Protein chains: 2
Amino acid sequence: MAVGHPQRLRIIAELSSGRLHVSELARRLGISRPLLYMHLQRLEEAGMVTGELELSPEGKAMKFHELVPFRVHVTVDTVLDALRADEAAKAAEAADQEGPDDVQESK
Amino acid sequence: MAVGHPQRLRIIAELSSGRLHVSELARRLGISRPLLYMHLQRLEEAGMVTGELELSPEGKAMKFHELVPFRVHVTVDTVLDALRADEAAKAAEAADQEGPDDVQESK
DNA sequence: TTCACCTGTAATTTACATCTTACATGTGTT
DNA sequence: AACACATGTAAGATGTAAATTACAGGTGAA
């Protein structure tokens, strides 16, 4: 689902040769930093990329991103599963709204 | 790329139990026919669905759609390949427009 | 202190996919 | 003829993802 945008593919391509920090990556791709943030967020949600804030030797904060070797497999069955999972999630959410039955929100 | 919309997933789910014609499918999904046409077109382009216009026993024209058992595999490498293919396609298109080879980008 | 880097996010605008309404057309049944 | 089906497309409204601009920080070096 996250691999549905050319910009995102380009990000993956750029990261395929190694980790980069946000600003550098934005420069290489020729896109604005906020836009890159958005796409990186999507890729992280999809588990294809991980980000890690680090302190450079000089003490500057830099957030590096790198690829997670992913292997997505899509068939009719996986689609059906995804739909079922989605419905279940929605149902749970609705129940959450309506009156929590008997949920013990630990935290 | 085509499996990037819940509506499309629902179409696949509905077709997973057998072929259906457009109007019937639209009724089951509760969406308008033109909208369904659009999504079916996308799915056909992606090679996940095939459509075939048939004459029913009573002589009515009906377009049936059915699932093509697809198996999409996505990895870093396939992404890189897709990008390269895309670039090649774009280059060819540009050459087509400009006039082959030997182009003198004036201006 | 100012400059040159960096990380973030809020507020908009822009562009595009999605979706509806409406129309043209055809066939068989009442 | 009017009705109930069907396929198909053209236009226009709607919604949302995508993208830009503008801000608020923070560090180290000249």
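Predicted, not measured: the structure shown is a model, and the values here were computed from it.
The line from NE2 of B:His73 to OG1 of A:Thr75 is 11.0 Å long, rounded to the nearest 0.5 Å. For the atom pair A:Leu83 CG and B:Ser16 OG, the distance stands at 9.5 Å (nearest 0.5 Å).
Rounded to an integer number of Å, the gap from CE of B:Met38 to P of D:dT7 is 17 Å. The nearest whole Å value for the distance from the CG atom in B:Leu20 to the P atom in D:dA6 is 12 Å. For B:Leu40 and C:dC19, the CG to P distance is 13 Å, given to the nearest whole Å. The CD-P distance, from B:Gln41 to C:dC19, rounds to 15 Å in whole Å.
A:Arg33 contributes no side-chain N or O that, together with a main-chain N or O of A:Ala26, makes up a donor-acceptor pair within less than 3.5 Å. Remark: the backbone N or O of A:Val74 is not paired with any side-chain donor or acceptor of B:Arg71 at under 3.5 angstrom. Between the side chain of A:Arg8 and the main chain of A:Ala2, a donor-acceptor pair closer than 3.5 Å is present.
Residue A:His5 places its side chain closer to D:dA18 than to any other of C:dC5, C:dT7, D:dA18. If you check C:dT27, D:dG8, C:dG8 against the side chain of B:Lys60, the one that comes closest is C:dT27. Side chain of B:Leu53, nearest nucleotide from D:dA17, D:dG8, C:dC19: D:dG8. Nearest to the side chain of A:His21, among D:dT7, C:dC6, C:dG8, sits C:dC6.
Between A:Glu24 and A:Lys63, no side-chain nitrogen of the basic residue sits less than 4.0 Å from a carboxylate oxygen of the acidic one, so the salt-bridge criterion is not met. Salt bridge absent: A:Arg10 and B:Glu87 never bring a charged side-chain N and a carboxylate O closer than 4.0 Å.
The side chain of B:His39 contributes an N or O atom lying less than 4.0 Å from OP1 or OP2 of C:dC19. A close approach under 4.0 Å does not occur between any side-chain nitrogen or oxygen of A:Lys63 and OP1 or OP2 of C:dC6.
Checked against side chain to side chain contact (heavy atoms under 4.5 Å, CB included), A:Ala82 has no partners two or more places apart in sequence or in another chain.
Non-hydrogen atoms lying under 4.0 Å from DNA chain C are contributed by B:Gln7, B:Arg8, all within residues 7-17 of chain B. Using a 4.0 Å cutoff on non-hydrogen atoms, the parts of residues 24-36 of chain B near DNA chain C are B:Ser32, B:Pro34, B:Leu35, ordered by number.
Aromatic ring centroids of A:His65 and A:His21 lie 6.0 Å or more apart.
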